[in-house]
Amino acid sequence: MENYLELSWGLFVAIFAGLVGLKWLLRSVNCWLYESNLGEKRFSLPPGDMGWPLIGNMWSFLRAFKSSNPDSFISSFVSRFGPSGLYKALMFGNPSIIVTVPEACKRVLTDDEYFKPGWPSSTLKLIGRKSFIGSITYEEHKRLRRLTAAPVNGHEALSIYVGYIEENVKLDLEKWAGMGQIEFLTELRRLTFRIIMHIFLSSESEQVMEALEKEYTTLNYGVRAMAINLPGFAYYKALKARKHLVAIFQTIVDKRRERRTDTQPTLKKDMMEALLDTEDENGRRLDDEEIIDILVMYLNAGHESSGHITMWATVFLQEHPEVFQKAKAEQEAIVRNRPPTQNGLTLKEVRQMDYLSKVIDETLRVVTFSFVVFREAKADVNISGYTIPKGWRVLVWFRNIHHDPEIYPDPKEFNPSRWDGLTPKAGTYFPFGAGSRMCPGNDLAKLEIAIFLHYFLLNYEFERYNPGCGLMYLPHQRPKDNCLGKIKRVSQL
Ligand code: HEM
């Protein structure tokens, strides 16, 4: 009997030791694969762990972002490896350095000599290799960015869209108030999509727009999913959606090119016409693929984000009656002080919305729509004493900065008054990124959100059907029910 017990105990210890050894072996595979060729440099890599063979740290990333605590992903690095602010990992199939502190994030975003876009190849396949995040040169990016950003940047340039945005916001709010139950996020996506379509393509028919917007929603769900190209998976569906989008845009480009060779009167000057017109210094024009990839990228970036942030700002306002009242009073004062002959909002009035702009800034911070952006090191680079090897990806983790209690006390709390007299220190507030890749649509987004909230606050309220509904964090933070609820008209201002 004693012998039997000893044998079982021995077996147990051997199995346990074997499992520990196997785990160590498996956890070391990626280090050998990606670090052994770095020579001495591997000793100055940031701390971290490269996860499991093939999948790297994706399992823990997805587990955290599909739970109710996405921040547990970064916290697990901090608790295991200390507050170094830079951690090595294997993310989206690439050896990567995750950067979570202000100074280092700012450096990565603003240093074009050492860093270029480094989005996962799965994302590139969805957004397009000729888009800004693809393989275009630094100079080409600069040129196309200048061309496309000018019409959507700066309040003066935007003044021509105020009337269109206003008209659509008013019509939609009234329509929703008569609809009863709506998926608020879905409706807002449609609204912001119509606006960006107007700017880029002077609008298409309502059916084309709805079809396009649906494809975009599917495309987006694949952006941060595992890149599994098999039926049933989000990434597979997203690739199909891209194909449909490209086909629709190709038809639109063909029609525009045809129209230009015809004697038909020239169309209104929208962004599409600007893209068709543009020539580089050698007289080269953009080909169809380039135009289509720019459209896929801009129309996606230009409506998902504004739709989500408008929804969250409305929800936060409803959840905080004192903030709602203060924001409403500001909007009422704007209407009261305007000359009786004036019809509708002016840009000057939008600029006077001091409290509302704090509501928007705070929403952008709490939600952090783009919780991470991707870069690639063009050469070995040293940051805070650590080496980022050439070719490694850098994940700039904005979410961690916006939710750092040392920078924003009580960070989960929605508190617009925290912005009273506060100018964020460099590197601590990145809702639109920074440097040469900073969002070109930031002014347009803020304008859309402000116009929506102006009319909402004056005349409406929103009642959620499932206020306690759980949240999804991928690809972006949203309620699982897409914010099911009811818009109610409460006054006639
Ligand atoms: C609340 C709304 C928005 C948020 C939070 C947001 C956020 C961002 C962020 C963080 C970046 C930087 C990405 C990086 O560093 O790699 C970015 C880039 C970009 N955004 Fe936005 N964005 C918003 C609205 C818009 C709108 C309305 C447009 C279209 C007019 C737009 C078009 C773009 C484009 C084209 C880029 C790529 C820029 C480049 O690579 O040069 N965004 N956005």
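Ligands are counted one by one from 1 in listed order, and the atoms in each one are counted from 1 as well.
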Starting from [atom], what is the nearest protein heavy atom, named by residue and atom, and what distance separates them?
{"atom": "atom 7 (C) of ligand 1", "value": "Pro431 O, 3.6 Å"}
{"atom": "atom 12 (C) of ligand 1", "value": "Arg437 O, 3.5 Å"}
{"atom": "atom 13 (C) of ligand 1", "value": "Val373 CG1, 3.7 Å"}

Quick check, are the ring centers of Phe371 and Tyr473 under 6.0 angstrom apart?
no
**Asked** Quick check, are the ring centers of Phe77 and Trp397 under 6.0 angstrom apart?
**Response** no
For [X], is the nearest heavy atom under 4.0 Å from an atom of ligand 1?
{"X": "Ile309", "answer": "yes"}
{"X": "His141", "answer": "yes"}
{"X": "Trp119", "answer": "yes"}

Verify the neighbour count for atom NZ of Lys125: are there more than 12 heavy atoms of other residues, nucleotides or ligands below 6.0 Å? no
With heavy atoms under 4.0 Å as the rule, classify the contact between [X] and ligand 1 as side chain, backbone, both or neither.
{"X": "Lys446", "answer": "neither"}
{"X": "Arg145", "answer": "side chain"}
{"X": "Ala434", "answer": "neither"}
{"X": "Arg375", "answer": "side chain"}
{"X": "Val396", "answer": "neither"}

Arg437/Asp112 under salt bridge (Lys or Arg N to Asp or Glu O under 4.0 Å): CA gap, chis, key distance, verdict: CA-CA 10 Å; Arg437 300 276 165 174; Asp112 288 337; over 6 Å; no
Q) Would Lys358 and Glu330 count as a salt bridge (Lys or Arg N to Asp or Glu O under 4.0 Å) if you check the C-alpha gap in whole Å, the side-chain angles of each, and the deciding distance to 0.1 Å? A) CA-CA 12 Å; Lys358 290 176 188 164; Glu330 182 181 64; over 6 Å; no
Compute the shortest N/O to N/O distance between Ser306 and ligand 1 and return yes if it is under 3.5 Å, no if not. no
Salt bridge (Lys or Arg N to Asp or Glu O under 4.0 Å) test vs Asp277 passes for just one of Arg257, Arg260, Arg256, namely Arg260
Scanning both residues in full, the closest heavy-atom pair of Arg375 with Trp119 reads NH1-NE1, 4.4 Å
So the protein N/O/S atoms within less than 2.8 Å of atom 21 (Fe) of ligand 1 come down to Cys439 SG
Rounding to 0.5 Å, atoms CD (Glu187) and OG1 (Thr310) come to a distance of 13.5 Å
Output for pair (Glu213 CD, Leu245 CG), nearest 0.5 Å, gives 10.0 Å
Legend entry - Side-chain donor-acceptor contact under 3.5 Å, Thr148 with Tyr298: yes
Atoms of ligand 1 under 4.0 Å from any heavy atom of Ile196, numbered from 1 in the order shown, are 29 (C), 30 (C)
Distance under 6.0 Å and angle within 45° of ring axis: Arg365 vs Tyr408: yes
**Request:** Measure up the Phe452 and Phe184 rings against each other and bin them: parallel (under 30°), tilted (30 to 60°), perpendicular (over 60°).
**Result:** tilted
